[in-house]
Number of protein chains: 2
Amino acid sequence: MISFEDFISVDGIPIYLQILRHIKRGVVAGAIQNGDELPSRRVLSALLGINPNTIQKAYKALEDEGLIESRAGAKSYMSLDVDKTEKIRIQLLENDVGSIVSSLKQMGLSKEDAVSLIEKHWEN
Amino acid sequence: MISFEDFISVDGIPIYLQILRHIKRGVVAGAIQNGDELPSRRVLSALLGINPNTIQKAYKALEDEGLIESRAGAKSYMSLDVDKTEKIRIQLLENDVGSIVSSLKQMGLSKEDAVSLIEKHWEN
DNA sequence: ACAACTGTACTATGTGTATAATACAGTTAA
DNA sequence: TTAACTGTATTATACACATAGTACAGTTGT
């Protein structure tokens with residue numbers, strides 16, 4: 001069963017997208033694998049204190065991307081392979097690293113300053 | 001006059017917040033200084049192809065944070081000092097670096113992998 | 001003085017997100 | 001079989017964001 005224990009919602013970003021991202025990061029980390037069972041919409045809704053329709057929106061998006069499989073009445077399961085996982089890794093890293101680099105560049109930091117900041121914050 | 005030539009809107013994040021962030025990063029980089037003149041709401045609206053009300057929302061937020069001063073009928077100007085600038089620097093760096101570190105950690109990367117990625121992306 | 005700009009305010013509309021409340025049909029296990 | 005779960009769908013409400021259009025009063029330079 002996929003865990004959402006460490007899921008923390010941040011405001012400003014749509015909740016259903018945060019759920020998407022949480023699962024994708026778990027896939028990249030190897031914590032979520034092909035065939036893994038997802039919590040039902042209602043259960044996850046209660047667990048996170050989020051409306052069932054919002055969970056459904058996230059799961060629907062995952063289904064549209066071919067990352068989960070759902071059948072009416074039954075549980076939903078992860079549908080992964082090497083290609084999908086690698087595409088997610090590239091998508092997430094490209095997005096995250098690209099945005100931080102452009103941010104720090106815009107603020108006038110040097111590459112050394114940037115690396116130093118990352119290393120300092122890694123411990124906390 | 002503050003420049004918006006390199007401003008590129010990204011979807012998913014409210015435009016007025018992106019304008020806020022663009023100006024704050026310019027302040028941190030030293031490209032925007034105390035007393036600098038801002039483009040008028042209407043001019044910036046035309047320049048960026050964004051509704052005047054959206055520009056006004058961004059400028060209003062800057063005014064509420066004490067970073068600009070506006071008088072009805074006259075131009076708006078940056079209102080900065082050392083303390084404000086340093087607070088912005090801390091606010092932006094804390095936010096950006098904190099989010100990238102938690103992202104990469106969630107994806108299972110080591111500190112060395114993270115630094116290596118940042119360095120590789122810095123050139124492009 | 002006056003024309004052209006400025007900031008500011010207001011109403012209205014459309015879209016996306018999140019919520020609440022129901023409803024129905026398919027599955028699974030006792 | 002049947003009770004309890006499952007996914008899926010629908011309607012309604014509320015809020016934030018972005019747009020469009022209009023209006024009015026303050027300033028600035030000629």
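Here is how names work: the chains are called A, B, and so on, in the same order as the sequence lines, proteins then strands, and each is numbered from 1.
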Q) Which comes earlier along DNA chain C counting from the 5' end, the contact point of B/Glu63 or that of A/Ala72, where each point is its nearest nucleotide? A) B/Glu63

Q: Taking side-chain hydrogen bond (donor to acceptor under 3.5 Å, both in side chains) as the test, write out the residues that go with A/Asn95, two or more places apart.
A: none

Q) Under the salt bridge (charged side-chain N to carboxylate O under 4.0 Å, His left out) rule, what pairs show up with a residue in residues 71-81 of chain A, not counting sequence neighbours? A) A/Glu37-A/Lys75

Q) Does B/Asn51 place a side-chain N or O at less than 4.0 Å from the phosphate oxygens OP1/OP2 of D/dA20? A) yes

Q. Which ones in residues 10-22 of chain A lie close to DNA chain D, meaning a heavy atom under 4.0 Å from one of its atoms?
A. none

Q) Over how many whole Å does the gap from B/Glu37 atom CD to D/dT28 atom C1' extend? A) 12 Å

Q: Examine the side chains of A/Arg41 and A/Ser76 and answer whether a donor and an acceptor come within less than 3.5 Å of each other.
A: yes

Q: Please confirm whether the backbone N or O of A/Glu112 pairs with a side-chain atom of A/Ser116, one donor and one acceptor, at under 3.5 Å?
A: no

Q) Roughly how many Å is it from NZ in A/Lys75 to C1' in D/dC5, rounded to a whole number? A) 8 Å

Q.
Applying side-chain hydrogen bond (donor to acceptor under 3.5 Å, both in side chains), can you list everything that pairs with B/Ser40, at least two apart in sequence or on another chain?
A. none

Q | 5' to 3' contact window, DNA chain C with chain B (heavy-atom distance under 4.0 Å) | A | C/dT6 to C/dC10

Q: Please collect all salt bridge (charged side-chain N to carboxylate O under 4.0 Å, His left out) contacts where either partner lies in residues 56-68 of chain B, sequence neighbours excluded, each pair once.
A: B/Lys24-B/Glu65, B/Lys60-B/Asp64

Q: Please work out if B/Ser70 contacts a base, only the sugar-phosphate, or nothing of the nucleic acid, heavy-atom cut-off 4.0 Å.
A: sugar-phosphate

Cut-off 3.5 Å, no hydrogens considered: what does the side-chain donor-acceptor table look like for residues 9-18 of chain B, sequence neighbours left out?
residue, atom, partner, partner atom, Å
B/Gln18, OE1, B/Val10, N, 2.8
B/Gln18, NE2, B/Val10, O, 2.4
B/Gln18, NE2, B/Ile13, O, 2.7

Q.
Please classify the nucleic acid contact of A/Lys57 as base, sugar-phosphate, or nothing, using heavy-atom distances under 4.0 Å.
A. sugar-phosphate

(Q) If you take any heavy atom closer than 4.0 Å to DNA chain D, which residues from residues 39-49 of chain A end up in contact? (A) A/Ser40, A/Arg41, A/Arg42, A/Val43

Q) Does B/Asn51 have any side-chain hydrogen bond (donor to acceptor under 3.5 Å, both in side chains) partners at least two apart in sequence or in another chain, and if so, which? A) B/Asn53

Q: Sorted by first residue and then second, give each salt bridge (charged side-chain N to carboxylate O under 4.0 Å, His left out) pair with at least one member in residues 114-124 of chain B; sequence neighbours left out.
A: A/Lys111-B/Glu123

Q: Quick one: list whatever passes side-chain hydrogen bond (donor to acceptor under 3.5 Å, both in side chains) with B/Ser110, sequence neighbours left out.
A: B/Asp113

Q) Hey, which of these two, A/Thr54 or B/Arg71, hits DNA chain C nearer its 5' end, going by closest nucleotide? A) B/Arg71

(Q) By the salt bridge (charged side-chain N to carboxylate O under 4.0 Å, His left out) test, which pairs, at least two apart or in different chains, include something from residues 89-99 of chain A? (A) A/Arg25-A/Asp96, A/Glu86-A/Arg89

